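Remarks on the structure that follows.
Just so we're on the same page: letters track the sequence lines, and every chain starts at 1. Quick caveat: nothing in here was measured; it's all calculated off a predicted structure.
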Number of protein chains: 2
Amino acid sequence: MKKKLSIVDIANALNVSKTTISFILNGRAQEKRISGDLVEKVMKYVAEVGYKPNSLAKSLRTGKSNTIGLMVEDISNPFFASIARLIEDRAYKNGYKIIYCSTDNDTQKTQDLINMFRDRHVDGYIMAPPEGIEEDIESLINDGMPVVLFDRHLPGVKTDFIEVDNLFSTFNATKHLLDQGFKNIAFVTFKSHQTQMVDRIRGYQDAMKSNGLKPTIIKEIVFNQDEEQIMAPLRDFFKGNPDVDAILFGTNHIGTCGLKIMQELGKKAPTDIAIISFDDYDVFKLHSPPVTAIAQPVEEIADNVITVLLEKLNNLSVSEKPQSIILKTDLKIRNSSVKIG
Amino acid sequence: MKKKLSIVDIANALNVSKTTISFILNGRAQEKRISGDLVEKVMKYVAEVGYKPNSLAKSLRTGKSNTIGLMVEDISNPFFASIARLIEDRAYKNGYKIIYCSTDNDTQKTQDLINMFRDRHVDGYIMAPPEGIEEDIESLINDGMPVVLFDRHLPGVKTDFIEVDNLFSTFNATKHLLDQGFKNIAFVTFKSHQTQMVDRIRGYQDAMKSNGLKPTIIKEIVFNQDEEQIMAPLRDFFKGNPDVDAILFGTNHIGTCGLKIMQELGKKAPTDIAIISFDDYDVFKLHSPPVTAIAQPVEEIADNVITVLLEKLNNLSVSEKPQSIILKTDLKIRNSSVKIG
DNA sequence: TATATCCAGTTAATCGATTTACCATCAAAA
DNA sequence: TTTTGATGGTAAATCGATTAACTGGATATA
């Protein structure tokens, strides 16, 4: 177990002060008038022995950790997993590491995680915030930490966020169902007061009303890690509402559970019930017949998130007006929502 | 922006030396004979002002970072995402944070990532290693770092690993197809010399041979982030082999791509071609008809991985014999592989 | 009486960097 | 001759913890 080299070892080996080594390694040689000869000698030796500065020590001194904290609802959800993946790539390319975790939409857990991130001196935060976390986020912002929210935002909190046009997306999807001749359209989703969910429900309601229909069939299910806790109420809903002819699901997860229940009950889409789900992914594409879905622009979201955060990390432009970026979704119309007969 | 409190601030406020504070906070008060009165006073004050030790400074001094580096092939793949999720949960419960990244099975990228992890002083490594990384892993182990591999292992390298019985799994799946009366069975997978893939191919070959058939229809596709790079050769394969009546796919990703191609070409499973894929997930469960799949015990894998790593982190039992844990898979038989007619 | 042991802590070194403040030397300018 | 300025660096403080070694006084033992 060879001991790791420190800057002192380098300094001693070359008979130079560690200050000089530090300046050279940080590209401040010119500014500090270190001779080209010495710079070359040091660089060569450093490369030769493979010396790398200890980043803990560096972080302790400078206060920067080159780490970004990423908090999503659930990293095993394909929507969040693919965004995490894209963010990871861009972050690494820019010299940042990612520490991530899943909040489970649990306020207490999220608070603990924020404390942990804080404690670890992450340089910036990216999060899909749960409810009730406003104060903690504000406190972060007051302490000068860059925070970028995505997928949803916190109404009172002044910070940048990236999300999609949820209201229009479900409005448009509901319209699509109405245009196909469906009337008893239900909206099934997770129970939540988060902005994205409120907007999705509103979109559904607005579309129904604009067609003179009552948007009354709304089923909200409590978020739970254990899938059976979601399946049970969903099953009840299907059994209790036999006259529903179309369902709009609020997220990919609940949409997938819905498909499972339909499989269980032997119901076919779209002949028995037409289906549209928020968040497109392979399950919907490959379902036969394929399921119409509201596709979020995952790459664009990830790109915008990391771009905004990097801007904040680089400019120290503290108090520019926060950006709100609203992206468009794409209603992928597949034949499952065509009314037959 | 309130300044963060340091141990010195606490010491000054209470007129006590910082050493004493440190001992108390680290539960060494008894051992160091600090009076109960003082302990109480310090604890109370610390709780009151919400002081938290700076973990960077702590890590710098102690050499421990309470961080685990997790490297998977691709965090957006459901198999790895769910394992990551489970590991994350257990790690946090035990006071460890996770830094993760995707290797893309790229040796160079993985080397860079290992260096980064090393640089960040992670306390332990969990990885699904790509090819050609043997030396780097050995160097980690020589430096006394705990390393646990999963999903595959590196034959020459002496370290713990957790994986499934790949050979039996594909043997069994192939047998199942043979029992159904299929004869022209193909094995389609990613090109790889990794142990899990070698075993999976062997399982297929052994089963075919044991039935007196030639296991010649093997298609290996180069791993690529860009899905179309996978789809194209796969499409060619389907078109070029019209007499294949069943396919065993080596991973969920390639299985999913296979389903997409079949959808494209209007081929139905199992009437046109029977399908079995390694790695079970929603896409296979919900496909109609559902796809038979080899389910890996994701929770068990994650559990074993983190348990073994935590053992290594706690015991400093340096040189016990490394454990090789081989778990069983479960062939989820669904009707798509029933030969009809 | 001299020495050892127990208290209840404290001093100072240390981890490995960054950064502020300073110091010789020499040439040119006043 | 003294002052100024550039050149090419270095010494020491600092970030915020942990930890080995020590201290001064009271009590117990030889």
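- Under the 3.5 Å distance criterion, with hydrogens and angles disregarded, a donor-acceptor pair is assigned to the side chains of B:Asp112 and B:Gln108.
- When DNA chain C is scanned 5' to 3' for any atom under 4.0 Å from a heavy atom of chain A, the first and last hits are C:dG16 to C:dT20.
- Put simply, the residue from B:Thr67, B:Val122, B:Leu313 that forms a side-chain contact (heavy atoms from CB on, under 4.5 Å) with B:Tyr96 is B:Leu313.
- When the side-chain hydrogen bond (donor to acceptor under 3.5 Å, both in side chains) test is applied to B:Arg152, the partners found at least two apart in sequence or on another chain are B:Glu73, B:Asn105, B:Gln194.
- Under the side-chain hydrogen bond (donor to acceptor under 3.5 Å, both in side chains) criterion, B:Asn77 pairs with B:Asn252, not counting sequence neighbours.
- D:dA6 atom C1' lies 14 Å from atom CD1 of A:Ile34, rounded to whole Å.
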Next on the checklist: Treating primed atoms plus P, OP1 and OP2 as sugar-phosphate and everything else as base, which nucleotides of nucleotides 17-27 of chain D get B, S or - for protein heavy atoms under 4.0 Å?
Outcome noted: BBBB-------

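- Side chain to side chain, A:Ser139 and A:Arg118 meet the donor-acceptor criterion of an N or O pair below 3.5 Å.
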Next on the checklist: Test side chain to side chain contact (heavy atoms under 4.5 Å, CB included) on B:Gln225 and A:Arg85; report intermediate values, then the result.
Outcome noted: CA-CA 11 Å; B:Gln225 263 302 109; A:Arg85 177 61 210 274; 3.5 Å; yes

Do any side-chain atoms of residues 20-37 of chain A form donor-acceptor pairs under 3.5 angstrom with protein atoms, and if so which ones, sequence neighbours left out?
from: A:Ser22; atom 1: OG; to: A:Asn26; atom 2: ND2; distance (Å): 3.4
from: A:Asn26; atom 1: ND2; to: A:Ser22; atom 2: O; distance (Å): 2.8
from: A:Arg28; atom 1: NE; to: A:Glu31; atom 2: OE1; distance (Å): 3.4
from: A:Arg28; atom 1: NH2; to: A:Glu31; atom 2: OE2; distance (Å): 3.2
from: A:Ser35; atom 1: OG; to: A:Leu38; atom 2: N; distance (Å): 3.4

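- Residues B:Val305 and B:Leu309 form no side-chain contact, since every pair of their non-hydrogen atoms from C-beta on lies 4.5 Å or further apart.
- Relative orientation of the A:His153 and A:Phe161 rings is parallel, given thresholds of 30° and 60° on the angle between their planes.
- For the pair B:Asn304/B:Leu327, a side-chain contact is recorded, criterion being any heavy-atom separation below 4.5 Å from C-beta on.
- Residues from residues 35-50 of chain B with heavy atoms under 4.0 angstrom of DNA chain C, sorted by number: B:Ser35, B:Leu38.
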